[in-house]
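Everything on this sheet refers to the single structure shown next.
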Amino acid sequence: MIVQRVVLNSRPGKNGNPVAENFRMEEVCLPDNINEGQVQVRTLYLSVDPYMRCRMNEDTGTDYITPWQLSQVVDGGGIGIIEESKHTNLTKGDFVTSFYWPWQSKVILDGNSLEKVDPQLVDGHLSYFLGAIGMPGLTSLIGIQEKGHITAGSNQTMVVSGAAGACGSLAGQMNKNSHVILCGQISQYNKDVPYPPPLSTAIEAIQKERNITRERFLLLNYKDKFEPGILQLSQWFKEGKLKIKETVINGLENMGAAFQSMMTGGNIGKQIVCISEEISL
């Protein structure tokens with residue numbers, strides 16, 4: 001079977017701006033048979049996220065994400081439907097997700113690398129599992145819960161510096177109190193600077209004078225809170241308490257354009273690429 005995939009065509013450089021041409025679409029042959037424990041899935045939705053900019057460099061600068069390799073298929077958050085299964089816990093028609101989903105129209109994966117998702121949690125809006133009811137939503141929720149230092153009744157004010165993106169558009173809805181949490185700085189990702197970026201002398205002086213602290217937050221340190229977090233986000237969505245925004249681009253061939261647009265502020269809410277809306281088998 002011939003399928004389409006997207007590979008890393010070139011690197012923008014640590015101080016360069018990523019463009020659509022950094023990615024290339026090509027055709028590849030998918031094996032006719034799958035092995036025990038594997039599944040064949042059709043990709044429905046793919047995610048583009050700011051952290052991926054680091055993966056375009058030869059060195060990501062972190063120990064928890066690896067760089068993409070030139071001329072190799074790119075991967076990231078994805079949702080798909082199983083078309084064939086030889087995995088004991090997954091069957092044809094199941095919807096599954098992964099943080100390392102290949103940018104490919106159809107793909108054979110190890111079933112153990114996938115997480116089954118329930119469409120009822122998102123009222124059938126499967127792409128929400130890549131946004132508000134997924135990693136960005138958990139980042140907003142758990143970040144505020146764990147690092148927000150929220151005190152009920154204290155009349156705090158929340159300031160979200162990037163309130164139009166996948167995380168920021170949710171964080172400001174979750175509590176009317178305030179705190180500054182350092183989690184992602186997309187404006188700095190095209191620069192070869194340490195994270196978090198150093199403050200200027202003037203800003204550092206103000207920080208010390210006013211006893212302001214900067215505290216980093218990394219979602220992967222709170223995996224035990226993912227499941228209850230997803231259920232809480234789903235409940236708020238169903239109750240109408242969580243307003244979800246998406247920017248959707250269609251077609252695997254537009255993955256590079258979607259990534260470039262996301263990095264330059266072209267999205268409101270989560271940037272999603274729809275690969276295949278048809279879910280019938």
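Position 1 is the first residue of the sequence; numbering continues from there.
- In plain terms, the two heavy atoms of Pro119 and Phe95 that are nearest each other are CG-CD1, 3.4 Å.
- At distances below 3.5 Å, at least one donor-acceptor pair connects side-chain atoms of Thr60 with backbone N or O atoms of Ile65.
- The shortest heavy-atom contact between Phe237 and Leu121 is CD2-O, 4.0 Å.
- Under the 4.5 Å side-chain contact rule for hydrophobic residues, Leu8 and Val73 do not share a cluster.
- Under the 4.5 Å side-chain heavy-atom criterion for Ile, Leu, Val, Met, Phe, Trp and Tyr, Trp101 and Val3 are members of distinct hydrophobic clusters.
- Here the rule is side chain to side chain donor-acceptor pair (under 3.5 Å) with Lys106, and of Glu83, Gln40, Gln4 only Glu83 fits it.
- To the nearest 0.5 Å, atoms CG (Asp123) and NZ (Lys238) are separated by 4.0 Å.
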Could you go through Glu146 and Asn221, starting from their C-alpha distance and side-chain angles, then the distance that decides it, and tell me whether this counts as side chain to side chain contact (heavy atoms under 4.5 Å, CB included)?
CA-CA 11 Å; Glu146 298 296 320; Asn221 292 335; over 6 Å; no
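- Around atom CD of Glu115, no more than 12 heavy atoms belonging to other residues, nucleotides or ligands sit under 6.0 Å away.
- Within 6.0 Å of CD on Glu204 lie more than 12 heavy atoms contributed by other residues, nucleotides or ligands.
- We find the OG-CG distance between Ser85 and Leu109 to be 11.5 Å, quoted to the nearest 0.5 Å.
- Within the 4.5 Å cutoff, the side chain of Gln69 has heavy atoms near those of the Pro67 side chain.
- Considering CZ of Arg24 and CZ of Arg5, their distance stands at 8.5 Å, rounded to 0.5 Å.
- Counting heavy atoms from C-beta on, the side chains of Asp49 and Lys270 come closer than 4.5 Å.
- Closest of all the heavy-atom pairs between Lys223 and Leu220 is CG-O, 3.4 Å.
- Between Gln38 and Lys86 the shortest side-chain heavy-atom distance does not fall below 4.5 Å.
- Within a 6.0 Å sphere centred on CD of Glu239, heavy atoms belonging to other residues, nucleotides or ligands number more than 12.
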Test side chain to side chain contact (heavy atoms under 4.5 Å, CB included) on Ile230 and Ile133; report intermediate values, then the result.
CA-CA 6 Å; Ile230 290 295; Ile133 320 295; 4.0 Å; yes
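- Put simply, CG on Leu126 and OG1 on Thr97 are 9.5 Å apart, with the number rounded to the nearest 0.5 Å.
- Looking at heavy atoms from C-beta onward, Gln271 lies in side-chain contact with Ile249 at the 4.5 angstrom threshold.
- Annotation: side chain of Leu114 is in contact with side chain of Ser98 (closest heavy-atom distance under 4.5 Å).
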Step-by-step side chain to side chain contact (heavy atoms under 4.5 Å, CB included) determination, Arg55 to Thr66:
CA-CA 6 Å; Arg55 302 192 69 187; Thr66 58; 3.5 Å; yes
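- Here the closest heavy-atom approach between residue Leu90 and residue Val96 is recorded as CD2-CG1, 4.0 Å.
- Between the side chains of Asp110 and His87, not a single donor N or O lies within less than 3.5 Å of an accepting N or O.
- Cluster annotation: Met135 is connected to Leu242 through the hydrophobic network of ILVMFWY side chains, with a link wherever side-chain heavy atoms come within less than 4.5 Å.
- Cluster membership for Val74 and Val28, using ILVMFWY side-chain heavy atoms within less than 4.5 angstrom, is not shared.
- Taking the six-membered ring for Trp, Phe99 and Tyr51 have ring centres closer than 6.0 Å.
- For the pair Met262 and Pro50, the minimum side-chain heavy-atom distance is below 4.5 Å.
- Between Ile82 and Val41, some side-chain heavy-atom pair lies under the 4.5 Å cut-off.
- Taking all atoms of both residues into account, the shortest heavy-atom contact from Pro18 to Met263 is CG-CG, 4.1 Å.
- With a 4.5 Å cut-off on side-chain heavy atoms, Leu218 and Tyr64 count as touching.
- Between the CE atom of Met255 and the CH2 atom of Trp103 there is a distance of 4.0 Å, given to the nearest 0.5 Å.
- Criterion: ILVMFWY side-chain heavy atoms under 4.5 Å apart, direct or through other members. Under it, Val107 and Met1 are not part of a common hydrophobic cluster.
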Let's go through Ile275 and Arg42 carefully: what are the C-alpha distance in whole Å and the side-chain angles of both, what is the deciding distance for side chain to side chain contact (heavy atoms under 4.5 Å, CB included) to 0.1 Å, and is it a yes or a no?
CA-CA 9 Å; Ile275 308 303; Arg42 176 156 45 88; over 6 Å; no
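- Taking all atoms of both residues into account, the shortest heavy-atom contact from Ala257 to Ala20 is N-CB, 3.7 Å.
- Note that CD1 of Ile272 and CG of Asn267 are 10.0 Å apart. Values are rounded to the nearest 0.5 Å.
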Would you sort out whether Phe217 and Tyr222 count as a ring-ring contact (aromatic ring centres under 6.0 Å, His included), showing the intermediate values?
CA-CA 10 Å; Phe217 170 73; Tyr222 300 88; 5.4 Å; yes
